[in-house]
Every structure is written in structure tokens, then in C-alpha cells.
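Worksheet for the structure shown next.
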Amino acid sequence: MANKLTFESVNCGDMLPEVKQHITQEDMWRHAVTSLDYNPVHTSPEWCKTAQVFGLPVTVMHGNQTMSLMATVITSWAFPVGGRLKKIEVKLIKPVPEGSTCTYGATVTEKHPIGKGQDFVALDLWAMNQDGENVAVGTAQVTLP
Amino acid sequence: MGYLEEMAKYQKTEKQEIFSADFLERQQIDDYEFWDEIEIGKESAVPIKFEVKAEDMKAYAEGVPDANPLFYDEEYAKKCGYDGIVAHPMFTTQVLFFLLSKGHGSWIRTPGSRNPGQIIEWHDPIRVGDVLTLKTKGYDKWVKRGKYYMRYQSELYDQDGKLKMRGFITLILPKSRADVLRFVKGEHALEA
């Protein structure tokens, strides 16, 4: 299916394949090392017991990891055919504590036939926790061949 | 074993090994710029550069995690029509944290900071061999419901002066050095 993806083949309302991720402290440590964001709110369970930056006594997932997984929904869909992520706008609504399981998805909302090489689609993005609450929402623009 | 030692087990790249990971270290905090000191409109070019290596890009994709071979497999990337592997779009996080360790822009490292959202535009994919420089500008700051917000603009350029990424990044920060130091000790400070 991915090989047939083109600007012409996409329709408003199309839903992209979802990504699901359970987050452990090891995942957050790995993300801290690779993003170089070692903020203790993500990395130090001991510090979080008293600091409670989000009103929670536990570590929470990096906001940029949430955004990265929202971007991954797009990269998995569009990058293998030469698509490109032009822009993303994300609002992080709720903290994601260690032990959460989130699902990330996107829906095509607009088609912009600007011209060959510049045609792009707009998408709504969402990240939802195991209780069905949105932890992040956003929009994206993706060029497609 | 402390949390810093736990994380050291995951280090794989040269940059990860030289990066100072203790964001609670007093000496690092002394070099930060705090919400009440931020000068809106001031633009600064970070003096150090980020030379992109394949190991940096691969490590970031693994840490998302995103197993797309486009981020580490040259042959696969060429089959897909690229001239080589490209970075995951949010790889720019690693670049910013590497480059912003003190002064204007160091807000992203502040203990007690929160990330309510971002707008990022990508103008060209990041590739192996790119040498990236960063310009940062305080864009706005405001108080809302007792919280101290700020928004800054970041722009990454390659070695030819080509714009690669522009971001508008919003943060909620502790107000002052004293508030950050209370956070370092593990005390509440945001609503103080």
C-alpha cells in the first residue's frame, strides 16, 4: 500500500496506520540519552517524588518523544515514497506518566494541489492514553509526490 | 545505581559520551538564563556547531523508537529515491540540546520546565555530513494563571547557510534563579 501512495491517491478522511507505545522508565532513559534531554522530570524517579513538576510524584514522558511518535505516524506513511513533513503544530495537553500506553494517529483533512513537487496534504494528529484521553493534539502538513 | 549511571548504559555515540547529563548540577545551572532575565527580541548565534554523523541519526530514531530503515540504511534510502539516509524530523531535539547549554536558549534544560507545545517547520531534510548552526531568539514571554510562559524561535542552518528547520517553542518555566534552585532541591516552585 505504501508504494502506491501519491498525492492523487489520498483522500480527505483517510486515516493513517496507528502507532502504539507502552512507556517504561527504560524507554524514557533511552530517549533522554538519544535526545540529550536529561531533564530529571523524565529521568530521576527519586527527584520526581518531591519536585512533582506536573503535580505527579512520578517521571513523565518527554513531550518531544510524544511529538516524535506523532511524527513517526507520518514518516512511516509518507517517507518511503518520498513524502516530506513540512510542518507540525502540537499542543501537549496532559502529562504521560511512566507505565502509560498511548496510541498515535492521524487523519487527512485537506488536499492542497499547489503544483508538482509542492502538492501537500494537511492532517489532524492525536495521541491518546489508555483511558481514551487525548494527551496531545495537533496538525501537520506533508508533501506527497 | 543512580539514574545517571543507569542512563550511561545506553550511550552509543561520541556526542552522548561527552555530553554533560546532570541537569541538576549547580555549575550548569549558574550558566542558565532564567525567565525573569530573558530579553525578548534578542537574537543569538550559538558559537558551537553540530556535525551530523550517521550514528547520531540512527541513535535518535532508536530512541523514539522509529524502526524506519530510511534513518539508518543507505541502500534502502537510495531505493526509496533519497540520496542517502535522512534524519527523523524530530532529530532536531538532539541538535538543540547539544548546542544550547548556557545563556540565551538554555531554558530547555531548566529543571522544573514544562513543554506545552511547539510549531516546527522543516525546510530541508538533515543528512550525514551536515554541519549545523543555530540561531535563537526570545520571541515572547507572558504570565497566565500564575505560570510563566515564554516562546522562542530557533533556526538551524547548514554549512551553506541553507535553512533546515525553524521552530517556535513554548515553555513554562520557573520564574527566577531562586525558583530553579528550589526545584533542584526537589521543592515545588512553579506556583510560588
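Model, not experiment: these values are computed from the prediction. So you know, we letter chains A, B, ... as the sequences are listed, proteins then strands, and number each from 1.
At a 4.5 Å heavy-atom cutoff, B/Pro69 makes no contact with chain A through either its backbone or its side chain. In this structure, the portion of B/Val184 lying under 4.5 Å from any heavy atom of chain A is its backbone and not its side chain. Heavy atoms of A/Gln25 lying under 4.5 Å from chain B are absent altogether. At a 4.5 Å heavy-atom cutoff, B/Thr13 makes no contact with chain A through either its backbone or its side chain. For chain A, the nearby part of B/Phe71 is the side chain; its heavy atoms alone come within less than 4.5 Å. For B/Tyr82, the part lying near chain A is the side chain, with the backbone staying farther off; criterion is any non-hydrogen pair under 4.5 Å.
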Would A/Met67 and B/Ile120 count as a side chain to side chain contact (heavy atoms under 4.5 Å, CB included) here? Give the steps. CA-CA 10 Å; A/Met67 289 183 64; B/Ile120 303 177; 4.1 Å; yes

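Counting only heavy atoms from C-beta outward, the side chains of B/Lys58 and A/Thr34 never approach each other to under 4.5 Å. In this structure, B/Tyr76 and A/Pro80 have side chains that are in contact, with non-hydrogen atoms separated by less than 4.5 Å.
Residues A/Phe79 and B/Leu70 approach most closely at CB-CD1, 3.4 Å, considering heavy atoms. Nearest approach of B/Gly63 to A/Gln65, heavy atoms of both residues: O-NE2, 3.6 Å. The shortest non-hydrogen separation linking B/Phe183 to A/Trp47 is O-NE1, 2.8 Å. Across every non-hydrogen atom of A/Ser35 and B/Phe97, the tightest pair is O-CB, 3.6 Å. A/Ser76 and B/Asn68 get closest at one heavy-atom pair: CA-ND2, 4.0 Å.
Other residues, nucleotides and ligands contribute only 12 or fewer heavy atoms inside 6.0 Å of the OH atom of B/Tyr139. Around the NZ atom of A/Lys94, the shell of radius 6.0 Å holds no more than 12 heavy atoms that belong to other residues, nucleotides or ligands. Crowding of B/Lys162 atom NZ: a count of heavy atoms from other residues, nucleotides or ligands under 6.0 Å not exceeding 12. For A/Glu110, the CD atom sits in a packed shell: over 12 heavy atoms of surrounding residues, nucleotides or ligands are nearer than 6.0 Å.
Going from atom CD of B/Glu6 over to atom CZ of A/Arg30 covers 11.5 Å, rounded to the nearest 0.5 Å. In this structure, the separation between CG on A/Asn64 and CZ on B/Phe91 is 13.5 Å, given to the nearest 0.5 Å. Rounded to the nearest 0.5 angstrom, B/Gln94 CD and A/Asp37 CG are separated by 11.5 Å. Expressed to the nearest 0.5 Å, how far NZ of A/Lys86 lies from CH2 of B/Trp122 amounts to 12.0 Å. For the atom pair NE2 of B/His88 and OG1 of A/Thr75, the computed distance is 4.5 Å after rounding to the nearest 0.5 Å. The CG atom of B/Asp56 lies 8.5 Å from the CG atom of A/Leu36; values are rounded to the nearest 0.5 Å.
Among A/Gly63, A/Pro40, A/Ala71, the residue with the largest count of heavy-atom pairs under 4.5 Å with chain B is A/Pro40. Taking chain B as the reference chain and counting heavy-atom pairs below 4.5 Å, the highest number among A/Met28, A/Lys49, A/His31, A/Glu26 is found for A/His31.
Transitive grouping of hydrophobic side chains (ILVMFWY, heavy atoms separated by less than 4.5 Å) brings A/Val33 and B/Leu4 into a common cluster.
One side chain, A/Ser68 or B/Tyr60, offers a donor N or O that lies under 3.5 Å from an acceptor on the other.
Partner B/Arg114 forms a side chain to side chain contact (heavy atoms under 4.5 Å, CB included) with one of A/Val53, A/Asn39, A/Leu92, A/Val41 and no other, that one being A/Val53.
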